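Worksheet: the structure to be examined is printed underneath.
Small disclaimer: the values here were computed from a predicted structure and weren't measured. Below, all heavy atoms of this structure are taken into account, side chains as well, without hydrogens, waters or symmetry copies. Protein chains get the first letters and strands the later ones, always in sequence-line order, with residue 1 at the start of each.
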Amino acid sequence: MGRCEGLHAHAGWCCKGSVHQIGEGGRMMMERYIAPHVERALKAMGVDEAIKVHFEIPRQEGHGHLSTNIAMTLAKALKGNPRQIATDLLQHLGTELPLIEKIEIAGPGFLNITFSTEVYHAMLRDLALQGADIGRSTVGAGRTCNVEYVSANPTGLLHAGHGRNCAVGDTIANILQWCGYDVTREYYFNNAGNQMNMLGKSIYARYRQELGDVEYEFPENGYHGDYPRIIAQQIIAKDGDAYREETEEALTVCRKTGEAWCFEAIQRTLDVLNIHHDVFFNEDTLYSDGKVAQTIDELRSKGLVYEKDGATWLALTQMGQQQDKVIVKSTGEATYRLPDIAYHRDKLQRGFEMIVDIFGADHIATIPDVLAGVEALGFDTSRVKVIIHQMVTFVENGEVVKFSKRSGKSFTLDDLIEEVGADVVRFFFVMRAVGTHLEFDLGLAKEEGEKNPVFYLQYAHARICSILRKAEEQGIAVEPTSDLSVLVHPHEIELITTLSRMQLVMERAAASLEPHTVAEYLRDLAATYHHFYHDCRILGAEPELQSARLLLADVTRRAMRNGLFVLGVQAPERM
RNA sequence: GCGCCCAUAGCUCAACUGGAUAGAGCAACAGCCUUCUAAGCUGUAGGUCGCAGGUUCGAGUCCUGCUGGGCGCGCCA
């Protein structure tokens, strides 16, 4: 994250007093402006040049636009009290700094920097000139990244709880792409192994039952719900009673047909959520391409594999794990661990600089094993970022809604989308930090009104669009060259400040892989716009003011649209 | 028993990764539409940041130990 690097790279840069030369929005711009001065002053005081100056935006109003704690961090080295150091620093800084209104010492020794309002006009100009790219970043340019998410087995429909994985994964992919990364969206398709066989058996049982064998036993751990029967009916429609005899072929047909059916159903659901993967990686190709065999051979050659009780074990205890685990059952089938290691080995071999895995908390135990496995194979696992989101609780009218799979009445993601809409689904699942348990309030989600946070954002966007339509009707155009010096109202300044933060918010979200920060930011942006809207009339104001405010509103519209785009939520022009 | 996650206003959650007086939204109360969308805005009230220590100029944030909740700990995935 280039905050300090960037600052140092420009340490020798000399300010000529015109902010237009900086050409970069927001905090970075203010920081780049002031940092060289602070460093020069520190140098004059004899402070080690390697020291990094940290700036931050004070959360308290009245503490200036930018503040630094440098005096406090230097207190120890200089053996002085922070306020005295701050005073010295201030003297070395001098009073001849253009664009700066004042610098104050506050609290234990903060330096609070207040810029003159023309800085804001320059920032808004920059943002306006960015056009459709407002909030975009290039920090990830030239870097490849693979984001794996959803990855639900094709043994049924996505259930409502899958929604969090879908929304978190896709939003993280969007954020990274927004910041310039070359992103591959991947779905690991678990179409080998036991679960698929069980699906085949479940469908076959329904097939036989549909053909009149009412006594035919449904497998004990079979998949309930309507769909195995529906798939069975499709097989009957196509091939009639051709599989009345229970053969390998019959089960294979059921399994294959079921897989295809589930795959289609899952894709339809994802499509509604505006989620489109680039790669569907089939687990069975790991076997057919010999990658599973290669993986186990490599592990074996490193002495990490042994046989016991007729099974093949991975010596995880030699890799710092708590216990060894079976990777090939005595039946000859692999456990999920082996193909998982082979899959990650494959992703690493494909050369991605960063690999992001999105998992639910229920898979937490598998991760250390897989990472230990690929690390033993000689890969750098620091390239793998594992995002573990906590579970979701659905709540309605203050009561937890319980869904039981056994009852067959499961709550599918399709059901959820139908009830509250795709936009709300996407937003609700990313609006909380991934590490916290998410309470999904169905009542609030269904509410198409003021309480619903999604509408709050969309409403701000629609409101701006409405003004722009009216302006257009009146022949008033948005002019990127409008004189912005007329913007002095606190809410105008506040809005510009918030807008200029957007790029940094996106970069931080990309660095921390925390999508909720984008949702938080947009709520803040919407609120700031509503404040501005309420107090600063646009149409009908003095011509210069009208023009400047119209531009400000238009920049806000684009920022909001971009932000909603990153969240995968629609930005309606009318509501 | 072991591992990981969580605990902040009545409820759901933030807190710029160690900073200043911990912030929003719901819910409660009181206001604002003859003017660009009231799906909005303004104000009031609401806190021992689970508990106890520790680290330092400074801790909701870091370390340790508790307590309470979640998810795991399979020759299922």
Side-chain angles (χ1 to χ4, degrees), chain A residues 27 54 56-60 62-63 67 69 72-73 75-76 81-82 106-110 112 151-153 155 190 193-196 198 221 283 309-313 321-323 325-331 333-337 339-340 360-368 388-391 393 395 398 431-441 444 447-456 458-460 462-471 474 501 504-505 508 511-512 514 516-517 520-521 523-524 526-527 529-531 533-535 537-541 549-550 553 574-575:
Chain A
R27 167 191 172 157
H54 174 75
E56 62 185 24
I57 299 170
R59 63 174 159 208
Q60 182 82 23
H63 287 165
S67 95
N69 60 355
M72 278 124 81
T73 54
K76 206 170 221 173
N81 91 64
F110 288 100
N112 291 338
S151 297
N153 294 354
T155 55
N190 237 298
N194 239 348
Q195 309 291 324
M196 295 310 296
M198 187 51 77
N221 292 315
E283 181 190 0
D309 304 334
T312 306
W313 294 68
Q321 299 299 114
Q322 291 207 323
Q323 48 184 305
K325 299 275 174 65
V326 170
I327 48 173
V328 181
K329 296 184 257 178
S330 51
T331 60
E333 293 171 294
T335 64
Y336 68 91
R337 253 179 294 273
D340 268 11
D362 51 342
H363 284 76
I364 200 152
T366 79
I367 294 154
I388 299 156
H389 64 261
Q390 294 302 310
M391 308 313 280
T393 312
V395 173
M431 72 180 176
R432 305 303 185 206
V434 293
T436 67
H437 301 102
L438 174 66
E439 189 157 304
F440 196 115
D441 188 332
L444 176 62
E447 195 141 359
E448 295 196 2
E450 46 184 325
K451 293 178 211 155
N452 193 321
V454 186
F455 291 101
Y456 185 74
Q458 294 181 320
Y459 181 63
R463 247 183 168 184
I464 301 172
C465 290
S466 173
I467 290 178
L468 292 169
R469 274 195 304 274
K470 280 214 161 57
Q474 295 173 29
R501 244 174 56 212
L504 186 65
V505 168
R508 284 215 177 117
S512 63
E514 290 183 304
H516 79 281
T517 55
E520 283 287 326
Y521 170 75
R523 201 202 52 75
D524 203 22
Y529 177 75
H530 287 308
H531 297 163
Y533 176 91
H534 192 260
D535 287 354
R537 180 149 183 110
I538 299 171
L539 299 178
R549 284 178 173 171
L550 197 61
R574 295 170 201 270
M575 286 177 78

Applying a 4.0 Å non-hydrogen cut-off, can you work out what [X] is touching in the nucleic acid: base, sugar-phosphate, or nothing?
X        : value
A:Glu514 : base
A:Gln322 : sugar-phosphate
A:Asn112 : base
A:Ser67  : base
A:Thr393 : nothing

Legend entry - Integer angstrom distance from the P of B:rG46 to that of B:rA7: 25 Å

Inset, instruction - Using a 4.0 Å heavy-atom cut-off, write out nucleotides 71-77 of chain B from 5' to 3' as B (base contacted by protein), S (sugar-phosphate only) or - (no contact). - result: SSS-BBB

Contacts of [X] that satisfy ring pair (Phe, Tyr, Trp, His ring centres under 6.0 Å) - sequence neighbours left out:
X        : answer
A:Tyr521 : none
A:Tyr529 : A:Phe532
A:His531 : A:His491
A:Tyr456 : A:His530

[X]: side chain to side chain donor-acceptor pair (under 3.5 Å) partners, not counting sequence neighbours:
X        : answer
A:Ser466 : none
A:Glu520 : none
A:Glu283 : none

Inset, instruction - Starting at the 5' end of RNA chain B, write a dot or bracket for each base, bracketing those in Watson-Crick or G-U wobble pairs whose two distances are under 3.5 Å and using | for partners on another strand. - result: (((((.(..((((.....[...)))).(((((.......))))).....(((((..]....)))))).)))))....

Legend entry - Any A:His54 side-chain nitrogen or oxygen under 4.0 Å from OP1 or OP2 of B:rG19: no

Legend entry - Short side-chain N/O contact to B:rC6 OP1/OP2 from A:His389, under 4.0 Å: no

Legend entry - Non-neighbouring partners of A:Ala462 that pass side chain to side chain contact (heavy atoms under 4.5 Å, CB included), sequence neighbours left out: A:Met575

Atom pairs, N/O to N/O, protein against nucleotides 54-62 of chain B, distance under 3.5 Å?
none

Tabulate atom names and distances for all N/O pairs under 3.5 angstrom spanning the protein and nucleotides 39-43 of chain B.
from   : atom 1 : to       : atom 2 : distance (Å)
B:rG40 : O2'    : A:Arg463 : NH1    : 2.9
B:rC41 : OP1    : A:Tyr456 : OH     : 2.6
B:rC41 : O2'    : A:His534 : ND1    : 3.1
B:rU42 : OP1    : A:His531 : NE2    : 3.0

Inset, instruction - Return the 5'-most residue of the pair A:Arg574, A:Glu520 with respect to RNA chain B, ranking by each residue's nearest nucleotide. - result: A:Glu520

